Amino acid sequence: MHPMQRMLSSVRPCWILVLLAFASPLTADERWREIQWRDERAYSASSGGFEAIVSVERGRLIYFGREGGGENLLYVPPDRRNPAEWGGHRVWLGPQAKWARNWPPPAAWEASAAEKVTVEGERLELLMPSTADDWPRLRRIYRWENGELHCDARIDGGRRAAQIIHVVQVLENAEVAVQAEPSNEEPRGYVQLHLGRGDHPIKTFPEPPHLQAEGTKLTLRHVGKMEKLGFRQQPLTARIGGETLRVKAGVSSGRVEATPDEGFVTQVYLSGSRAPLIELEQLSPLFARDQSARFEIVIAPVAGEPGD
């Protein structure tokens, strides 16, 4: 008799199910199941007491919070009437200066349902519509691993170089922790970006009112005034009410052509008073044209205070 057969024959039937459950690396909760979220077709999967919900109609993650109906830590408008503001986890291709219009983003990325949905256990893949121009095709893949939600973006085809831009919109009460890295060239250790200030980072400027500094440890808060700050690549940690989550860059692969924004690829956008929110952003390098490439972020609940 095989050793496993001898072991199973010596235990009660109810314990056999327990043993088999522990032998499987994937729990039932981590598998995506189809649900209805508001009036939208969606998929849900959970890990470690936290739940992720991905809307097919919005083509993105739209809920991240405690399992079983806790507070949504993401900023998500209740419906899709505003095509430039669907909330949650946005993914765009850039640089933004190459868009046909400065705003809004192409509808294929920002205001479209997924064209095709593929579910394979713990892996949920959304194929987004084509932009019908030179941009690569975008696929979005979600999966839980070790209590962390991996949010992968992959690009194929196209006839222009492109970077992948991950934008996680969180509630306005978030306190965002980030580390400054001062140098002779960047005395504050971070820069101001975009918002009509040109295409190059601004390195000398008055301290923004959003910021509280303890040495090089910074805390950013929403104050109702628009600002966008760039940092060297690092995780962003946000305390939102009684919860804390971290958004960090994950796997990146593809032939790199350049690094936009002079390498300040971890960015935080703080909105004005209309639609108050904070955006946690991680940007990839610029990948060469006619290539396959990928860049993921990882969203993870963490214990303790931001920056601990």
Side-chain angles (χ1 to χ4, degrees), residues 26 28-47 51-64 74 76-77 79-94 98-100 104-145 148-169 250-254 282 284 287 289-299:
L26 179 65
D29 285 346
E30 291 173 333
R31 294 185 175 93
W32 295 95
R33 57 188 180 88
E34 188 167 352
I35 65 168
Q36 192 78 7
W37 180 81
R38 298 177 181 171
D39 64 341
E40 301 174 26
R41 180 188 172 201
Y43 286 85
S44 171
S46 302
S47 184
E51 181 179 13
I53 299 176
V54 174
S55 167
V56 175
E57 312 302 332
R58 303 190 195 209
R60 70 190 67 185
L61 175 75
I62 45 77
Y63 175 88
F64 189 92
L74 306 182
V76 178
D79 54 52
R80 307 187 302 279
R81 285 179 294 183
N82 183 342
E85 197 175 292
W86 282 7
H89 169 223
R90 305 163 117 171
V91 178
W92 306 326
L93 303 186
K98 300 298 183 181
W99 293 355
W109 309 329
E110 182 57 30
S112 297
E115 184 176 296
K116 181 181 178 182
V117 180
T118 304
V119 181
E120 296 177 351
E122 80 283 10
R123 187 177 186 273
L124 172 65
E125 179 176 320
L126 307 177
L127 175 65
M128 302 309 295
S130 170
T131 54
D133 55 17
D134 291 340
W135 290 104
R137 194 69 178 271
L138 173 64
R139 288 181 293 141
R140 306 180 63 166
I141 301 168
Y142 293 98
R143 63 181 174 85
W144 283 102
E145 182 178 321
E148 299 181 332
L149 184 66
H150 289 248
C151 311
D152 197 0
R154 304 189 184 196
I155 55 175
D156 300 280
R159 296 187 296 274
R160 69 167 75 200
Q163 72 174 150
I164 297 170
I165 302 171
H166 287 274
V167 178
V168 179
Q169 294 189 314
V251 174
S252 179
S253 65
Q282 300 285 0
S284 80
F287 295 114
R289 56 178 289 178
D290 298 322
Q291 302 287 315
S292 295
R294 65 179 290 200
F295 177 63
E296 71 168 10
I297 61 168
V298 181
I299 305 176

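Predicted, not measured: the structure shown is a model, and the values here were computed from it.
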**Q** Any side-chain heavy atom of Arg60 within less than 4.5 Å of one from Trp86?
**A** yes

**Q** Which pair of non-hydrogen atoms, one from Pro104 and one from Ala84, has the smallest distance, and what is that distance?
**A** CB-CB, 3.8 Å

**Q** Taking all non-hydrogen atoms of both residues into account, name the closest pair between Ser130 and Ala108 and its distance.
**A** O-CB, 3.8 Å

**Q** For Arg123, is there an ion pair with Glu30 - N to carboxylate O distance below 4.0 angstrom?
**A** no

**Q** Tell me, do Arg294 and Val251 make a side-chain contact under 4.5 Å, heavy atoms counted?
**A** yes

**Q** Passes salt bridge (charged side-chain N to carboxylate O under 4.0 Å, His left out), Arg154 versus Glu296? Steps please.
**A** CA-CA 8 Å; Arg154 304 189 184 196; Glu296 71 168 10; over 6 Å; no

**Q** Looking at Glu34 and Arg41, is any side-chain nitrogen of the basic one under 4.0 Å from a carboxylate oxygen of the acidic one?
**A** yes

**Q** Working to the nearest 0.5 angstrom, can you tell me the gap between Glu51 CD and Leu149 CG?
**A** 11.5 Å

**Q** Roughly how far, to the nearest 0.5 Å, is the CG atom of Leu93 from the CH2 atom of Trp99?
**A** 9.0 Å

**Q** Taking C-beta and beyond as the side chain, do Val117 and Leu127 meet within less than 4.5 Å on heavy atoms?
**A** no

**Q** Answer yes or no on whether Arg90 is positioned over the face of Trp109, meaning its NZ or CZ is under 6.0 Å from the six-membered ring centre and within 45° of the axis.
**A** no

**Q** Which one of Ile297, Val168, Val298, Val91 satisfies the side chain to side chain contact (heavy atoms under 4.5 Å, CB included) criterion with Cys151?
**A** Ile297

**Q** Under a 4.0 Å N-O cut-off, is there an ion pair linking Lys116 with Glu125?
**A** no

**Q** For the ring pair Tyr142 and His150, is the centre-to-centre distance below 6.0 Å?
**A** no

**Q** Testing the basics here: between Arg137 and Pro129, what is the closest heavy-atom pair and its distance to 0.1 Å?
**A** NE-C, 3.5 Å

**Q** Using the side-chain contact (heavy atoms from CB on, under 4.5 Å) rule, take Trp92 and Trp135 through it: C-alpha gap first, then chi angles, then the decisive distance, then the call.
**A** CA-CA 11 Å; Trp92 306 326; Trp135 290 104; over 6 Å; no

**Q** With a 4.5 Å heavy-atom cut-off, do Asp156 and Pro136 have their side chains touching?
**A** no

**Q** Check step by step if side-chain contact (heavy atoms from CB on, under 4.5 Å) holds for Leu61 and Ile299.
**A** CA-CA 11 Å; Leu61 175 75; Ile299 305 176; 3.9 Å; yes

**Q** Drop me the distance from Phe295's CZ to Ser253's OG, to the nearest 0.5 angstrom.
**A** 11.0 Å

**Q** Could you check if a side-chain atom of Glu57 sits within less than 4.5 angstrom of a side-chain atom of Arg80, using non-hydrogen atoms only?
**A** yes

**Q** Rounded to the nearest 0.5 Å, what's the gap from CD1 on Ile141 to CG on Leu124? Could you check?
**A** 9.5 Å

**Q** What's the separation between atom CZ in Arg58 and atom CG in Leu126, rounded to the nearest 0.5 Å?
**A** 14.0 Å

**Q** What is the minimum heavy-atom distance between Arg289 and Arg159, and which atoms define it?
**A** CZ-O, 3.5 Å

**Q** Just checking Phe64 against His89, ring centres under 6.0 Å apart?
**A** no

**Q** Measure across Ser252 and Phe287 and return the closest heavy-atom pair with its distance rounded to 0.1 Å.
**A** OG-CZ, 3.7 Å

**Q** Does a side-chain heavy-atom distance below 4.5 Å link Val54 with Tyr63?
**A** no

**Q** Which pair of non-hydrogen atoms, one from Gly254 and one from Ala293, has the smallest distance, and what is that distance?
**A** CA-CB, 4.1 Å

**Q** So does Glu122 get a backbone contact from the side chain of Trp32, meaning a donor-acceptor N/O pair under 3.5 Å?
**A** yes

**Q** Is there a side-chain contact between Val56 and Trp37, using heavy atoms and a 4.5 Å cut-off?
**A** no

**Q** Atom CD in Gln163, atom OG in Ser284: separation rounded to 0.5 Å?
**A** 5.5 Å

**Q** Whether the side chain of Trp144 engages the backbone of Ala45 through a donor-acceptor N/O pair (distance < 3.5 Å, no angle test) should be reported.
**A** yes

**Q** Should Asp152 and Arg140 count as an ion pair when the cut-off is N to O under 4.0 Å?
**A** no

